Peer 1: 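Here it is, the structure, as structure tokens.
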Protein chains: 2
Amino acid sequence: MVERRRGGNEQEREETAQLILQAARRLFMAHGYRAVSTRQVAEAVGLTQPALYHHFATKEELYVAVALGEVARLRAGIERIARREGPTRERLHGLARFLLTTVDYDFPLMYHDMGTELGEQSRETLGAAFYGGIIAPLAALFAAGQRAGELRDEAHGGLSPAGGAGLFMAFVAHFLDRPLVGERTARPGGVEASAESLVGLLLEGLGARVDRG
Amino acid sequence: MVERRRGGNEQEREETAQLILQAARRLFMAHGYRAVSTRQVAEAVGLTQPALYHHFATKEELYVAVALGEVARLRAGIERIARREGPTRERLHGLARFLLTTVDYDFPLMYHDMGTELGEQSRETLGAAFYGGIIAPLAALFAAGQRAGELRDEAHGGLSPAGGAGLFMAFVAHFLDRPLVGERTARPGGVEASAESLVGLLLEGLGARVDRG
DNA sequence: GTCTATATCCTGATAGAC
DNA sequence: GTCTATCAGGATATAGAC
């Protein structure tokens, strides 16, 4: 009912906030919470540093907003792909391809920032969003795969569904990583080949095939 | 020939430098390069901050010394275990147990710091030490396992020896990680069970066993 | 809603006495 | 070899004009 009062200003304010979030996302995700100053964010969006504080009360609040938005973005893609029909392997392949394509930043760094650079309340908020938005839908897929007999469960040398989800994300992070030393050239075959390799290694491992009989 | 001149002072100087390195290692490895101030390091060892500069020219030089020492420590353990006789699986198990026991800090954080927080020269120095001291001996073990038919090579859905070494370290980092949310209790079975699970998953993956015909 | 100006604090590093 | 004192710069955040 009150929404129509000065609707234009509200919209502009929202647009500025979105521009700030966009710039902050790029900087925070690339260099980490501590390494990015509020001045850098402001400069990237063409404002002075104090102007940020009209939209976000603290640097930490800005980071939380960025991380929540990023988790929501990943969640949407993950849930869309996880809902598809088909064998577990193909769904994992789709998820790997999506994540390898859409995550263009340092994933372990974001994870570290969420875990150690923020206050307790922010950490709990982001932890819950990360678990509910990313781990939980992946875990549901792993649980379904175990029920279908496509994945080993804990009783047969596998992992719990949430454990499998965590390992899958560790694989994604590893395949996203650019090596510290050696060739920095693009991976041969690009994302598609990486996703194929990722799922193959996750499901079948590195060991030679030997009959267990 | 000149070594005996004021030998006692040299020794004390070395001891102080070692104390600084020890405190710096604990702090840098736990919280990261940026998050630790030189004052914190000095305080931890009972000195004032400027006294550090008598032993290390810059904060970055101190970090490089810490990281080089840590890589050397890991290298010694890795080479000792990798030289043992026995099946690849058992040697990997020994390596996993060693690393899960001896690495009590945030491994991806150290990796990130080495890759992005330092100047080019330091980065190259540490990258070379990391590759030569950790990746290379592991890669030799993977190559031997492939020659023995115990590990799949690149032509059969596996990885290059260095790629296998990198994946192994990613597994170690994952098993070291304390989850952002959920139970923070110790893993059931401790290091031994974790090492067992790590090697099993690395070699056999999460997929159900199916004959490949 | 954004600006200029500034408060307050912390950072890495240096100067010089002892 | 370690201290006190300090510099110069950068950080987050606030005050108040417009």
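Note that these values count all heavy atoms, side chains included, but never hydrogens, waters or copies made by symmetry. Protein chains get the first letters and strands the later ones, always in sequence-line order, with residue 1 at the start of each. Bear in mind that the values here come from a model prediction, so they are computed numbers and not experimental data.
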Peer 1: Please classify the nucleic acid contact of A:Ser37 as base, sugar-phosphate, or nothing, using heavy-atom distances under 4.0 Å.
Peer 2: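 Sugar-phosphate only.
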
Peer 1: Let me know, please, whether B:Thr16 or A:Arg34 comes out on the 5' side of the other along DNA chain D by nearest nucleotide.
Peer 2: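 Final value for this comparison: B:Thr16.
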
Peer 1: For B:Val41, report the nucleic acid contact type (base, sugar-phosphate, nothing); a contact means any heavy atom under 4.0 Å.
Peer 2: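 It contacts nothing in the nucleic acid.
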
Peer 1: Quiz question: by atom type and distance under 3.5 Å, do the side chains of B:Ser160 and B:Glu154 form a donor-acceptor pair?
Peer 2: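 No - no donor-acceptor pair under 3.5 Å links their side chains.
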
Peer 1: Take the protein atom OH of A:Tyr53 and the nucleotide atom P of D:dT14, then report the distance between them rounded to whole Å.
Peer 2: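 The distance from OH of A:Tyr53 to P of D:dT14 comes to 8 Å, rounded to the nearest Å.
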
Peer 1: Atom CD1 of A:Ile20 to atom C1' of C:dG1: distance rounded to whole Å?
Peer 2: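 Rounded to whole Å, this separation is 10 Å.
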
Peer 1: Can you confirm whether the side chains of A:Ser194 and A:Arg97 place a donor and an acceptor under 3.5 Å from each other?
Peer 2: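 No, no side-chain donor-acceptor contact under 3.5 Å.
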
Peer 1: Could you give the CG-to-C1' distance, from B:Leu52 to C:dT11, as a whole number of Å?
Peer 2: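 These atoms are roughly 13 Å apart.
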
Peer 1: For the residue pair A:Lys59 and A:Tyr53, would you count it as a cation-pi contact if the rule is NZ or CZ under 6.0 angstrom from the ring centre and within 45 degrees of the ring axis?
Peer 2: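 A:Lys59 over A:Tyr53 ring: no.
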
Peer 1: Please give, in whole Å, the distance from D:dC18 C1' to A:His54 NE2?
Peer 2: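 Value for this atom pair: 14 Å.
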
Peer 1: Between the base of D:dG10 and the side chain of A:Arg39, is one N or O donor paired with an acceptor at under 3.5 angstrom?
Peer 2: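 Per atom types, no contact qualifies.
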
Peer 1: Rounded to the nearest Å, what distance is computed from the CG atom of residue A:Leu47 to the C1' atom of nucleotide D:dT12?
Peer 2: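 Atom-to-atom, A:Leu47 to D:dT12, this comes out as 17 Å.
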
Peer 1: If you measure only the distance, is there a donor-acceptor pair under 3.5 Å linking the side chains of A:Glu192 and A:His93?
Peer 2: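 Looking only at side-chain atoms, A:His93 and A:Glu192 do form a donor-acceptor pair, the distance falling under 3.5 Å.
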
